[in-house]
Amino acid sequence: MSALIRLDLVLREALERPYRDLVTRSTGAAVRNLVVTVLRATAERDALLDFSEVGVLDFSCADEVVAKLLQMFDADGLPVSRVLLRGLSEDHVDAIEHVLRHHGLVIVAGCVGANAPRILGDIDADHRAAFDALACFGRAPAAPVADTLAWPVDRARSALQALVGRRCVLAHPDATFDLGAVA
């Protein structure tokens, strides 16, 4: 299950004004702090940050809300296993991709008008290809991913396990993998 967090509502609560734009570092920090408060109170496995009603997202807010939140997983032991994004426009993607690459981070995102989720950030070509192939299946073992990419099964399994380690893919006891809920 996923905890859905609408960032437009969090922004409104943080600023006590009806703004739609995530701009300035201090605004981003205030929004992130409220998101962390919500995450600490949730019992859900995944957190789904919804950007669909957010207008402008500048680099400093992308850094504060997305990159710093991802960095908090190991440092602060947040009680969710993954953070996913949804409702991203191409302008949101540009800002988020830039800061994630700068920090060596990755995240799974659902973009407006896209048929499948995307992986954003600092990711090598094998991992990106394995992610994209898995997105076509929904849930699958490594073999069909390998077949799709014309790779040996060990190469596909290694790429999928690396994506599990980066919190982009879920691994199951039956040796299958999936992206989880990114709607």
query: Can Asp50 and Leu4 be said to form a side-chain contact (heavy atoms from CB on, under 4.5 Å), step by step?
result: CA-CA 7 Å; Asp50 185 358; Leu4 177 63; 3.8 Å; yes
- prompt: What do the steps show when you test Leu179 against Phe131 for side-chain contact (heavy atoms from CB on, under 4.5 Å), and what is the final call?
  reply: CA-CA 8 Å; Leu179 306 181; Phe131 179 90; 3.4 Å; yes
query: So Leu160 and Leu134, side-chain contact (heavy atoms from CB on, under 4.5 Å) or not? Walk me through it.
result: CA-CA 9 Å; Leu160 291 167; Leu134 182 62; 3.9 Å; yes
query: Hey, mind stepping through Ile5 and Leu39 against side-chain contact (heavy atoms from CB on, under 4.5 Å) and telling me if it holds?
result: CA-CA 9 Å; Ile5 301 171; Leu39 293 180; 3.7 Å; yes
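Checking Asp63 against His103 by side-chain atom types alone, a donor-acceptor pair falls below 3.5 Å. The closest side-chain donor-acceptor pair between Asp91 and Ser89, if any, does not fall under 3.5 angstrom.
With contacts defined as side-chain heavy-atom distances shorter than 4.5 Å, the pair Leu120/Val93 qualifies. In this structure, Leu22 and Thr27 have side chains that are in contact, with non-hydrogen atoms separated by less than 4.5 Å. Residues Val54 and Asp21 form no side-chain contact, since every pair of their non-hydrogen atoms from C-beta on lies 4.5 Å or further apart. Put simply, the side chain of Arg6 does not reach to within 4.5 Å of the side chain of Phe51, judged on heavy atoms. Inter-residue side-chain proximity for Arg166 and Ile123 is flagged as met; some heavy-atom pair is nearer than 4.5 Å. Contact of the Asp178 side chain with the Val169 side chain is not registered, since no non-hydrogen atoms from C-beta on lie closer than 4.5 Å. Side-chain contact between Leu70 and Met72 is absent, with no heavy atoms from C-beta onward closer than 4.5 Å.
Two different hydrophobic clusters hold Val36 and Val99 under the rule that ILVMFWY side chains link at heavy-atom gaps under 4.5 Å. The hydrophobic clustering, which links ILVMFWY residues whose side-chain heavy atoms are closer than 4.5 Å, places Val153 and Leu149 apart. Leu9 and Val23 are not part of a single hydrophobic cluster, where members link through side-chain heavy atoms under 4.5 Å apart. Val10 and Val56 fall into different hydrophobic clusters, where Ile, Leu, Val, Met, Phe, Trp and Tyr residues are linked whenever their side-chain heavy atoms come under 4.5 Å apart, directly or through other members. Residue Val38 is grouped with residue Leu15 when hydrophobic side chains (ILVMFWY) are merged at heavy-atom distances under 4.5 angstrom, including chains of intermediate members.
Counting non-hydrogen atoms of neighbouring residues, nucleotides and ligands closer than 6.0 angstrom, the CG atom of Asp124 exceeds 12 such neighbours.
Contact record, Leu105 with Gln71: CD1-CG, 3.9 Å, taken as the closest heavy-atom pair. Taking each heavy atom of Gly121 and Leu100 in turn, the nearest pair found is CA-CB, 3.6 Å. Nearest heavy atom pair, residue Asp122 against residue Gly104, reads OD2-CA, 3.4 Å. The two atoms that bring Ala30 and Ala14 nearest to each other are CB-CB, 4.1 Å, heavy atoms only. Heavy-atom minimum distance, Ala159 versus Trp151: CB-CZ3, 4.2 Å. When all heavy atoms of Arg157 and Asp154 are compared, the closest pair comes out as NH1-OD1, 3.0 Å.
Here the two rings, on His98 and Phe59, have centers that are under 6.0 Å apart.
Atoms CZ and OH, from Arg12 and Tyr19 in turn, are 12.0 Å apart once rounded to the nearest 0.5 Å.
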With a cut-off of 3.5 Å and sequence neighbours excluded, list every side-chain donor-acceptor pair involving residues 136-146.
residue : atom : partner : partner atom : Å
Arg139  : NE   : Thr176  : OG1          : 2.8
Arg139  : NH2  : Asp174  : OD1          : 3.3
Arg139  : NH2  : Asp174  : OD2          : 3.4
Arg139  : NH2  : Thr176  : OG1          : 3.2

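For the ring-ring contact (aromatic ring centres under 6.0 Å, His included) test, no residue two or more places apart in sequence or in another chain qualifies with His102.
Using a 4.0 Å cut-off between charged nitrogen and carboxylate oxygen, Glu90 and Arg118 count as a salt-bridge pair. The pair Arg82-Asp46 meets the salt-bridge criterion, since a charged nitrogen lies less than 4.0 angstrom from a carboxylate oxygen. By the 4.0 Å N-to-carboxylate-O rule, Asp8 lies too far from Arg20 to be salt-bridged with it.
Evaluated for a side chain to side chain contact (heavy atoms under 4.5 Å, CB included) with Leu85, the options Leu7, Ile96, Val65 yield exactly one hit, Ile96. Each of Val31, Leu84, Leu69, Leu88 was evaluated against Leu49; a single residue qualifies, Leu69, per the side chain to side chain contact (heavy atoms under 4.5 Å, CB included) test.
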